[in-house]
Novice: 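Please see the structure below; I have some questions.
What you see is a predicted model, and the numbers here were worked out from it, not measured in a lab. Order of the sequence lines sets the chain letters (A, B, ...), proteins ahead of strands, with each chain counted from 1.
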Protein chains: 2
Amino acid sequence: MAVGKPEKIDIASIISRLPLFVEVPPAQLQHVAAESRERRLAKGEMLFHKGDPARGFFVIIWGQIKLAFPSSTGNEKVVQVLGPRQSFGEAVMFMDRPYPVLAEAVSDAMVLHIPRKPVIELIERDTSFALAMLAGLSTRLHSLVHDVESYSLRSSTQRLIGYLLQQCPAEGKGTAEIELPTSKQLIASLLNLTPETLSRIFRDLGDSGLIEVHGRLIKIPDIARLREVDF
Amino acid sequence: MAVGKPEKIDIASIISRLPLFVEVPPAQLQHVAAESRERRLAKGEMLFHKGDPARGFFVIIWGQIKLAFPSSTGNEKVVQVLGPRQSFGEAVMFMDRPYPVLAEAVSDAMVLHIPRKPVIELIERDTSFALAMLAGLSTRLHSLVHDVESYSLRSSTQRLIGYLLQQCPAEGKGTAEIELPTSKQLIASLLNLTPETLSRIFRDLGDSGLIEVHGRLIKIPDIARLREVDF
DNA sequence: CCCTTTCCTTGATCGGCATCAAGAAGAAGG
DNA sequence: CCTTCTTCTTGATGCCGATCAAGGAAAGGG
């Protein structure tokens, strides 16, 4: 199977547009860019396993990567599905510990590996970069806390509704159409459900007129009403 | 009702034991400690409202604080209930945004307010401090990720066993005795269980001879055997 | 010491979600 | 186009853990 698009990649320009690096003067980024390496992955290919040593972090150029806990019984738990311009692995990099999750390409994909050393040097040289990284990690902590909360005190239907509302473009009212970004299987695992249960919830929400399901296209006739639902 | 215990508080030592600061050399923390202030709260008292500017973050010395989204209809949405040694508001502090939630004392409580400025100044003056903070935040992220794993792919019995093994002094084999550090109610909530279910699991494990329960003292006759259990 | 309150335990019942099983609908590939 | 594989849906059944209800055991407080 061919591994995706063959265009030449400008590492420096991609790095400079990352949220994490956007405030950093381009000159200071040259060192980081020079040491970074691109890597292509075929669908299903592993980027790293749980327990592998972390020598840097990754940024997705295109394609999708999932982070998940392996499970001996086959039903692994997907923690996140990440898309272009998103990064992962920064936190582990600072602790000198192995990865706590595995990373696998969900589609053909290309990632950039940014090694630990130039990043640390950049932090030591540029305090505003250090602050940007702290803000980035803080944001991630926040969303993880939110996840834990969802698992523990929201029902499966509520979790799906929350997911759908998250996908809505703006905080708009009225109507919306959502193109699911990945397979329903993956979404099920993200929401800590089996595919069967997810399918049933989709049907129930459809029967209630709260959403319309057309394959992977979801129509929401009344966002406000969906937000008010309290099962 | 009197607002809690009157002991003298050693701010510096509390700060130095925070997860966020645990990697930071104590000498560097003096400036932060000097600008920190303690605050006592009666049950039900508000610490801050949603939308208030974030001028720092908080650490709970004792008592419990809840974080929640306000609601005009009175049925607010609780995001988290936090206990001693837990901190909150760091993420928002680094992002320079107002608090997205409100904080209210669930019981009589005492918190430490650590202002933003000395923390930021330390980062700007000493890059090793920034690295230490990044490591601290990373550690928290790591443990949260671990929590998510527990919730999603381990049974309630496995979670309790994991908790008990965590409390074992060394990674010893053989036998162990554990004094539960808090009420069983709280442990239940930590493990995402009801008190009833926790009680039943304790009884079942006792019936199997894997542990002995004497009130809040737990005896483990064979640590290795407990670790092997696979329900 | 008793009284009140909180904490813990036990039993009965219920429901949500997983599991098992099988079929339908798409997507990919020759 | 037909075959094959994956993804999605639907049904039947079962179990784990929550909930409801009540009683016992500690723990503080007067």
Novice: Within the distance-only criterion (no hydrogens, no angle test), does the side chain of A:Ser208 pair as donor or acceptor with the backbone N or O of A:Asp204 below 3.5 angstrom?
Specialist: yes

Novice: For the side chain of B:Gln185, counting heavy atoms from C-beta on, which of D:dT7, C:dC7, C:dT9 is nearest?
Specialist: C:dC7

Novice: Provide, to the nearest angstrom, the distance between the CD1 atom belonging to B:Ile218 and the P atom belonging to C:dC8.
Specialist: 11 Å

Novice: Is there any protein nitrogen or oxygen under 3.5 Å from a nitrogen or oxygen in nucleotides 18-22 of chain C, and what are the pairs?
Specialist:
{"from": "C:dA18", "atom 1": "OP1", "to": "A:Thr194", "atom 2": "N", "distance (Å)": "3.4"}
{"from": "C:dA18", "atom 1": "OP2", "to": "A:Thr194", "atom 2": "N", "distance (Å)": "3.4"}
{"from": "C:dA18", "atom 1": "OP2", "to": "A:Thr194", "atom 2": "OG1", "distance (Å)": "3.0"}
{"from": "C:dA18", "atom 1": "OP2", "to": "A:Thr197", "atom 2": "OG1", "distance (Å)": "2.4"}
{"from": "C:dT19", "atom 1": "O4", "to": "A:Arg200", "atom 2": "NH2", "distance (Å)": "3.1"}
{"from": "C:dC20", "atom 1": "N4", "to": "A:Glu196", "atom 2": "OE2", "distance (Å)": "3.2"}

Novice: Output the rounded distance in Å from CD1 (B:Ile201) to P (D:dA18).
Specialist: 8 Å

Novice: In whole Å, I'd like the distance from the CZ atom of B:Arg154 to the C1' atom of D:dG17.
Specialist: 17 Å

Novice: Applying side chain to side chain contact (heavy atoms under 4.5 Å, CB included), run through A:Val111 and A:Ile65 and close with a yes or a no.
Specialist: CA-CA 9 Å; A:Val111 299; A:Ile65 306 284; 4.0 Å; yes

Novice: Can you check the B:Arg159 CZ to D:dG17 P distance for me, whole Å?
Specialist: 7 Å

Novice: Of A:Ile220, A:Val213, A:Leu210, which meets side chain to side chain contact (heavy atoms under 4.5 Å, CB included) against A:Leu205?
Specialist: A:Leu210

Novice: In Å, rounded to the nearest 0.5 Å, how long is the span from CZ of A:Arg39 to CG of A:Leu112?
Specialist: 12.5 Å

Novice: Side chain of A:Lys219, backbone of A:Ile178: donor and acceptor closer than 3.5 Å?
Specialist: no

Novice: So, does B:Ser183 get its side chain near the phosphate of C:dC7, meaning an N or O under 4.0 Å from OP1 or OP2?
Specialist: no

Novice: Using the side-chain heavy atoms of A:Ser155, tell me which of these nucleotides is nearest: D:dT9, C:dC17, D:dC8.
Specialist: C:dC17

